[in-house]
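This report refers to the structure that appears directly beneath it.
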Amino acid sequence: MGEFIKVEIDSNRCQGMAESNEWIDVCPVNIFKLENNRPVVVEENEDECTLCMLCVNACKSGTITIHKLYDQ
Ligand code: SF4
């Protein structure tokens, strides 16, 4: 988990967008990677998240949640 941001993938809801490389590329700061064909979070990159919400908007199954671990 990042110190300021936690990016969560709900694997129970994930419908396998990982089959497309577009999934990996949607994040400008490389928060996601494939592991055994499933998307996972690269935890050491989490604090680089810009809160752009491209990933949240790209995922049709509502799998991704971005948690801000700080106030404001
Ligand atoms: S909100 Fe933007 S920067 Fe953060 S994980 Fe999603 S695509 Fe990457």
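Every number for a ligand or one of its atoms is a count from 1 in the order of the listing. Keep in mind that the numbers below use all heavy atoms, side chains included, and drop hydrogens, waters and symmetry copies.
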Problem - Distance in Å, I5 CD1 paired with N45 CG, rounded so as to fall on 0.5 Å steps - result: 12.5 Å
Fill in the blank from the handout: Sorted by chain and residue number, the side-chain contact (heavy atoms from CB on, under 4.5 Å) partners of L69 (sequence neighbours excluded) come out as M1, K6, H67
Problem - With sequence neighbours excluded, residues passing side-chain contact (heavy atoms from CB on, under 4.5 Å) with E48 - result: V29
Exercise for the section: Let me see the working for I66 and L51 under side chain to side chain contact (heavy atoms under 4.5 Å, CB included), right down to the final yes or no. Expected result: CA-CA 8 Å; I66 310 292; L51 304 175; 3.6 Å; yes
Handout entry: Distance below 2.8 Å from atom 4 (Fe) of ligand 1: protein N/O/S atoms
Key = C49 SG
Fill in the blank from the handout: Sorted by chain and number, sequence neighbours left out, salt bridge (charged side-chain N to carboxylate O under 4.0 Å, His left out) with E35 holds for K33
Handout entry: Linked, directly or transitively: F4 and V42 (ILVMFWY side chains, under 4.5 Å)
Key = no
